[in-house]
Amino acid sequence: MIKLYHAPRSRSSRFIFLLEELGAPYEIGKVSIRRGDGSGTLDDDNPHPHGKVPVIRDGETVVYESAAIALYLTDKFPAAGIGPVVGDPKRGAYLTWLAYYAGVMEPAWMSAFMKTDVPRGTAGWVKTDEVMKLVNATLNKGPYILGEKFSAADVLIATTFKLFMGSPILAKTDVLEAYVARVTERPAYARGMAKDG
């Protein structure tokens, strides 16, 4: 059984959604994390080396970092069909979007939030307007990041958009609103949020 180390209303919340989508057997172990407002503490029960969430434990295997967890879980539960398997023509795009989410999208939003310039030519990420140009072009071709088929990449990306859309760092557009609605109106999302705590 998968154990999700979880702090309510955090990045780990979307992994309850993902686990529900996968139909995976899991349990939730709530842990304390340090919050942006200064509340919370490090929790000795949390196996993440920096006291963050999400983290999963599968037997003796511990996986942390959102993109790695998404890949691990969709590879472990391929029957759900939301993570292209090795040999699937969409596998390359899936791996690319998971890495792009972690290595480009999150740093771009953090740079925007912190109001720091992206060091062009040396940084591995770009400004948010460049990220959104790619995202919008991708979503204009299909309802999901991989085209016609929902994937765990959508879990990561759409839940992030839901959080920030309409803020100064992510403009609300018809394309993004429709995309977020498609993802968050899924029954697994409602089940996951009911268990968020």
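Values below: all heavy atoms of this structure, side chains included; hydrogens, waters and symmetry mates excluded. For clarity, every value in this text was computed on a predicted model and none was experimentally measured.
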How far does [atom1] of [X] sit from [atom2] of [Y], to the nearest 0.5 angstrom?
X: Asp154; Y: Phe17; atom1: CG; atom2: CZ; answer: 8.5 Å
X: Asp196; Y: Arg14; atom1: CG; atom2: CZ; answer: 12.0 Å
X: Asn46; Y: Tyr5; atom1: CG; atom2: OH; answer: 8.0 Å

Are there over 12 heavy-atom neighbours, none belonging to [X], within less than 6.0 Å of that residue's [atom1]?
X: Asp174; atom1: CG; value: no
X: Asp44; atom1: CG; value: no
X: Met114; atom1: CE; value: no
X: Arg182; atom1: CZ; value: yes

Do [X] and [Y] sit in the same hydrophobic cluster, where Ile, Leu, Val, Met, Phe, Trp and Tyr count as joined when their side-chain heavy atoms come under 4.5 Å apart?
X: Val155; Y: Leu4; answer: yes
X: Met132; Y: Val175; answer: yes
X: Val183; Y: Leu73; answer: yes

| said: For Lys162 versus Thr184, what's the shortest heavy-atom pair and its separation? | reply: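 What the structure gives for the nearest pair is CD-CG2, 3.7 Å.
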| remark: Sorted by chain and residue number, the ring-ring contact (aromatic ring centres under 6.0 Å, His included) partners of Trp109 (sequence neighbours excluded) come out as Phe161
| message | Holding to ring-ring contact (aromatic ring centres under 6.0 Å, His included), I want the full list of residues that pass it with Phe150, two or more places apart in sequence or in another chain. | response |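 In terms of ring-ring contact (aromatic ring centres under 6.0 Å, His included), with neighbours along the sequence ignored, Phe150 is linked to Tyr144.
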| field | ring pair (Phe, Tyr, Trp, His ring centres under 6.0 Å) partners of residues 58-81, not counting sequence neighbours, each pair once | value | His48-Tyr64
| task | Please tell me if the side chains of Leu156 and Phe15 come closer than 4.5 Å, counting only heavy atoms from C-beta onward. | result | yes
| message | For Leu176 and Leu170: C-alpha separation, side-chain torsions, deciding distance, then whether side chain to side chain contact (heavy atoms under 4.5 Å, CB included) applies. | response | CA-CA 10 Å; Leu176 291 186; Leu170 183 61; 3.9 Å; yes
| request: Start with the C-alpha distance between Asp75 and Arg91, add both sets of side-chain angles, then the distance that settles salt bridge (charged side-chain N to carboxylate O under 4.0 Å, His left out), and finish with yes or no. | output: CA-CA 11 Å; Asp75 281 356; Arg91 177 74 170 190; 2.8 Å; yes
| Check against side chain to side chain contact (heavy atoms under 4.5 Å, CB included), Lys52 and Ile33 | CA-CA 6 Å; Lys52 296 181 176 288; Ile33 59 171; 5.7 Å; no
| Salt-bridge contact Glu20-Arg191 (side-chain N to carboxylate O under 4.0 Å) | yes
| query | Between Asp58 and Lys76, is the closest basic N to carboxylate O distance under 4.0 Å? | reply |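 Yes.
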| Looking only at side chains, do Tyr101 and Thr160 share a donor and an acceptor under 3.5 Å apart? |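 On atom types as modelled, these side chains qualify, holding a pair under 3.5 Å.
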